[in-house]
Amino acid sequence: MAGFQSLPGFRDFYPEDFSRRQHIFRVWRQTASAFSFQEYDAPVLEPLELYKTKSGDEIEAQLFSFTDKGGREVSLRPEMTPTVCRMVGAKAGALKRPIKWFSIAEFYRYERAQKGRLRAFSQFNADIFGEPGPEAEIELIALLIQCLAGFGLTKDDFTIRLSDRDLWFFYLEALGFNDAQSRALLTAIDRYEKAGDDAFKVYTEAHGALDAGLKEKVLAFLKIKSLGELEAALAPFKSEKLAARLADWRKVLAGVSAMGLGDFIAVDLSVVRGLAYYTGFVFEAFDRKGDLRALAGGGRYNDLVKKLGGPDLPAVGFAIGDVTTGLLIEQRGLAPAQANAPEVYVVIGGAPERAAAFADIQALRAAGVRVEYPFKELAFGKQFKAASESGAKLALIYGGDELAKGVVKIRDLADRSEREVPRNHIVASVRTELAGG
RNA sequence: GCGGUCAUAGCUCAGUUGGUUAGAGCACAAGAUUGUGAUUCUUGGGGUCGCGGGUUCGAAUCCCGUUGACCGCCCCA
């Protein structure tokens with residue numbers, strides 16, 4: 001056993017693990033491109049103050065933060081949102097709207113590792129800046145769905161729960177709660193699913209007993225699971241704010257349905273995300289079977305760019321983690337097999353044939369074909385075994401008989417058929433064969 | 001930060017009330033097999049039993065500490 005281990009919550013990516021993660025990244029990147037999002041990246045190390053400004057001083061306990069040799073207080077990035085807000089904020093005037101950006105990056109949090117939660121993990125982040133209307137939510141929710149459906153996951157595997165922090169605030173205001181009371185109630189609502197009635201303790205300790213009738217209304221609102229129920233619940237109120245929120249809800253749900261993704265989305269007002277910086281719609285993606293933690297989460301954060309020193313710029317965004325996504329893909333048997341297997345395995349008769357084989361191997365590789373061959377001289381039987389185990393589709397046979405005739409034998413390793421092709425056409429012949437011939 | 005379970009080969013694990021040189025399957029490597037692959041057989045490499053200390057004539061086994069993994073709580077950007 002080696003004297004050193006990786007740090008807790010950090011992972012080594014052996015080739016098999018790496019290719020699993022690459023598959024996840026590939027799907028995310030292709031999907032984001034299809035939605036016409038632009039990729040960016042940023043520093044792994046940022047000023048500690050950036051995260052304290054966004055999340056408060058308490059966040060430091062959960063950061064990989066330290067003082068650098070120049071005396072600067074710094075932190076490994078725990079998330080992308082503050083960074084991307086800074087980047088967009090700095091050049092907001094020069095960027096074409098809508099600003100649709102994504103990134104795939106590794107993040108670091110000083111927390112106790114658990115299933116689906118590590119200290120170093122990767123996330124796909126997608127954000128839209130400069131669009132105040134629900135069109136941005138439609139675009140992002142569709143992207144989120146496709147980022148999971150792209151693995152072969154279906155509406156039976158995951159669901160998007162949609163909620164709305166502003167709607168909650170306006171509703172609680174209409175019921176007569178003040179701002180501080182509403183905030184305490186949202187905390188209770190966030191924990192209600194897990195803690196039940198105990199969730200209201202924080203509220204009652206700070207603001208006194210909660211009127212039974214009002215509590216019932218809050219709980220009824222929390223249990224709303226459809227647009228129809230929401231409309232009915234809001235009907236008695238004559239609030240313009242509530243009417244405007246309802247109009248946005250109709251647009252989002254209609255837009256997502258028109259894309260054929262309506263089955264993936266569920267109205268669920270019990271999701272409020274405990275994060276104070278969200279200002280409107282919030283949404284989370286969950287494993288349907290419920291034995292994994294959240295797959296993805298996001299929402300609208302219209303005040304954050306300004307808070308971090310930029311212009312007043314509306315924004316919506318979400319993030320998906322690689323850890324939980326990987327677990328779900330694994331559980332559903334959707335992991336790809338041998339993603340980077342060679343396409344061609346070259347079987348070489350002996351030393352005299354090696355030079356000819358090398359010339360063609362290099363020509364094929366330069367043409368982009370994935371080619372493998374044995375380093376040492378081996379019996380034909382062993383080479384065919386190795387070819388088969390490599391996962392290659394084709395074997396090219398460079399034997400004395402073939403080279404004397406100026407040909408190469410191509411063997412299809414799946415159906416075991418063979419044919420001879422002229423050596424000077426080898427690249428074109430292999431391409432045709434790989435294309436399905 | 002708190003509580004629980006666990007740690008033996010690359011992987012999955014066995015290992016008696018403490019007793020000689022710590023085992024199996026899989027995986028890996030070589031040979032049987034000098035022009036055709038999934039079988040079979042033979043052989044081989046690989047472990048200071050997570051690490052440190054203690055008890056004992058003797059520790060993988062018992063005790064203490066420590067590190068790590070997993071599960072739950074807190075938190076979850």
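Just so you know, these numbers use all the heavy atoms, side chains as well, and skip hydrogens, waters and symmetry mates. None of the values given here were measured: they were computed from a predicted structure. Letters A, B, ... are given to chains in the order of the sequence lines, protein chains preceding strands, and every chain is numbered from 1.
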Need to verify one output field. Residue with the more 5' nearest nucleotide on RNA chain B, A:E79 or A:G116?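 By nearest-heavy-atom nucleotide position, the 5'-most residue is A:G116.
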Side-chain donor/acceptor contact of [X] with base of [N] under 3.5 Å:
X      : N     : value
A:R112 : B:G1  : no
A:E402 : B:G35 : yes
A:K409 : B:U36 : yes

In whole Å, measure the gap between the [atom1] atoms of [N] and [M] for me.
N     : M     : atom1 : value
B:A7  : B:C26 : P     : 24 Å
B:U16 : B:G54 : C1'   : 25 Å
B:G50 : B:C6  : C1'   : 12 Å
B:C49 : B:A22 : P     : 10 Å
B:G46 : B:U39 : C1'   : 26 Å
B:A69 : B:C62 : P     : 24 Å

Examine the side chains of A:Y171 and A:D164 and answer whether a donor and an acceptor come within less than 3.5 Å of each other.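 Side chains of A:Y171 and A:D164: no pair found under 3.5 Å.
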Just by distance, with hydrogens left out, do A:E106 and A:Y108 show a side-chain donor and acceptor under 3.5 Å apart?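 Their side chains do contain a donor-acceptor pair, which is all the 3.5 Å distance test asks for.
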Heavy atoms within less than 4.0 Å of RNA chain B: which residues of residues 413-425 of chain A have one? Give them sorted by number.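 RNA chain B contact set from residues 413-425 of chain A: A:L413, A:R416, A:E418.
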Let me check something: any side-chain donor-acceptor pairs from residues 138-148 of chain A under 3.5 Å, sequence neighbours excluded? List them with distances.
residue: A:E139; atom: OE2; partner: A:K100; partner atom: NZ; Å: 2.6

Looking at every strand, decide which applies to [X] at a 4.0 Å heavy-atom threshold: base, sugar-phosphate, or nothing.
X      : result
A:G381 : sugar-phosphate
A:Q62  : base
A:Y51  : nothing
A:P8   : sugar-phosphate
A:R191 : sugar-phosphate
A:G56  : nothing
A:G297 : nothing

From the options A:L50, A:V44, A:L48, select the one residue that forms a side chain to side chain contact (heavy atoms under 4.5 Å, CB included) with A:E46.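 Of all the options given, the one that passes is A:L50.
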Counting only pairs under 3.5 Å, give me each side-chain donor-acceptor contact of residues 307-323 of chain A, with atom names and distances, residues two or more places apart or in other chains.
residue: A:D322; atom: OD1; partner: A:S122; partner atom: N; Å: 2.8
residue: A:D322; atom: OD2; partner: A:R11; partner atom: NH1; Å: 3.3
residue: A:D322; atom: OD2; partner: A:R11; partner atom: NH2; Å: 3.1

Judged by atom type as modelled, is there a donor-acceptor pair below 3.5 Å linking the side chain of [X] to the main-chain atoms of [Y]?
X      : Y      : answer
A:S388 : A:F384 : no
A:R109 : A:P78  : yes
A:T204 : A:K201 : yes

Which nucleotide sits closest to the side chain of A:R117: B:G37, B:C75, B:A77?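 The answer is B:C75, which lies nearest to the side chain.
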Looking at the side chain of A:Q114, which of B:U36, B:C70, B:G72 is the nearest nucleotide?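 Of the options given, the side chain of A:Q114 lies nearest B:G72.
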Rounded to the Å, how far apart are A:M80 CE and B:C76 P?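 Interatomic distance, CE of A:M80 to P of B:C76: 21 Å.
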